[in-house]
Amino acid sequence: MIKVNRSYVAPLSLAKGTYQAKDVQEQLLLDFGGKCYLCECHDLQSLVTEHLVAHHGDKVLMLDWNNLFLSCSHCNSVKNQRKYEHDIIDCCHEEPEKLLNQTVDETTGEPLVEPIGDSLMAVNTANLLNDCFGKNNTPYRKAEAAAKVKAFKAVMNELYKKLLTFRHENDDYRAVRGMLDRRHPFAGFTRGYVRNHLGDYPELEDDVKIR
Ligand SMILES: [Zn+2]
């Protein structure tokens, strides 16, 4: 999860009583850079408009621009549990990198999210994100989560290669920097990995700075 800059002006359809409209979808795609705010995958085949706080028919929550997020259908369905209806980090207002250590499980190479501190919001969001990558209670969810982990590993392997070239040949800085950009797929993890290994890459400190 990474900080997203939401546009200030709410799409007009919300004032007309619908969130399932073209202008809402277009603005979410733009603001979120086409990435699911939970798994940070790109190139998604199935996108949905998700409510951070579940609305249960409440019109205010349903049409509040600040409550609408771009999500993939997999993460949307994983989040659709009572325990995740509240107390999930609002990545448009909070700085997720201050609350979550998004890193790599050293033995499996899979994504691993740990809360920083013990706030309910950090703990709950870490659990949700780990679920998005690991939920396997149905065969479909298992297959979807596995596809996300595969995409994650491909991105991280590319990062490791570029970091090697950067460290040993002092080359590829622009490529590494591009992968640390908040718009990049899995940027929470590419940035988290480098932040956790700053001893090896002190030159990248500014690139992974938390605002
Ligand atoms: Zn997702």
Side-chain angles (χ1 to χ4, degrees), residues 1-6 19-20 24-55 66-97 99-105 108-115 121-159 179 181-193:
M1 182 182 272
I2 201 82
K3 184 84 163 59
V4 169
N5 293 320
R6 181 188 294 278
Y19 71 88
Q20 284 163 322
V24 175
Q25 295 188 359
E26 282 175 350
Q27 199 59 55
L28 283 174
L29 277 171
L30 266 179
D31 289 359
F32 286 77
K35 276 202 295 185
C36 168
Y37 82 108
L38 293 171
C39 67
E40 282 201 83
C41 280
H42 252 199
D43 302 327
L44 295 162
Q45 287 164 356
S46 177
L47 289 165
V48 293
T49 302
E50 134 121 346
H51 292 85
L52 181 69
V53 179
H55 60 76
N66 290 304
N67 195 33
L68 301 183
F69 287 71
L70 185 70
S71 161
C72 69
S73 60
H74 168 77
C75 293
N76 177 259
S77 91
V78 170
K79 183 174 174 291
N80 188 20
Q81 303 179 63
R82 192 165 286 273
K83 60 183 175 180
Y84 296 141
E85 285 186 350
H86 297 277
D87 298 304
I88 298 299
I89 295 169
D90 177 345
C91 62
C92 298
H93 282 104
E94 307 277 343
E95 176 50 84
E97 291 177 284
L99 297 165
L100 301 172
N101 179 27
Q102 299 174 86
T103 184
V104 183
D105 184 314
T108 62
E110 294 182 5
L112 178 65
V113 184
E114 300 163 332
M121 199 167 269
V123 172
N124 218 20
T125 307
N127 288 339
L128 169 58
L129 295 180
N130 287 324
D131 263 0
C132 288
F133 289 105
K135 197 79 177 168
N136 58 8
N137 61 334
T138 72
Y140 284 171
R141 280 202 180 136
K142 191 175 176 181
E144 286 166 356
K148 292 193 185 302
V149 169
K150 191 176 168 193
F152 170 85
K153 285 184 172 176
V155 165
M156 295 308 290
N157 284 333
E158 194 189 332
L159 177 71
M179 295 192 78
D181 188 287
R182 287 176 178 79
R183 288 166 297 187
H184 198 274
F186 307 109
F189 292 95
T190 57
R191 294 168 58 81
Y193 177 84

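In listed order, ligands and their atoms are each counted from 1. Hydrogens, waters and symmetry mates play no part in the numbers below; they use all other heavy atoms, side chains included. Every value quoted in this text rests on a predicted model; they were computed, and no experiment measured them.
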Is a side-chain N or O of Q102 found less than 3.5 angstrom from the main chain of M1, in a donor-acceptor match? yes
With distance as the sole test, does E40 use its side chain to make a donor-acceptor pair with the main-chain N or O of A187 at under 3.5 Å?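 Checking the backbone N and O of A187 against the side chain of E40, a donor-acceptor pair under 3.5 Å is found.
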Between [X] and the Zn ion (ligand 1), is there a contact where an N/O/S atom of the residue lies under 2.8 Å from the metal?
X: C132; answer: no
X: H74; answer: no
X: C41; answer: no

Are E95 and K3 close enough for a salt bridge, meaning some N to O gap below 4.0 Å?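 No salt bridge links E95 with K3.
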Rounded to the nearest 10 degrees, what's the angle SG of C39 makes with SG of C75 at the Zn ion (ligand 1)? Could you check? 110°
Vertex the Zn ion (ligand 1), rays to SG in C72 and SG in C36 - rounded to 10°: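 That angle is 120°.
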Report the relative orientation of the aromatic rings in H51 and Y19; use parallel for angles under 30°, tilted for 30 to 60°, perpendicular for over 60°. perpendicular
With sequence neighbours left out, which residue pairs that include part of residues 74-85 fulfil the salt bridge (Lys or Arg N to Asp or Glu O under 4.0 Å) condition?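 Passing the test, one end in residues 74-85: E50-K79.
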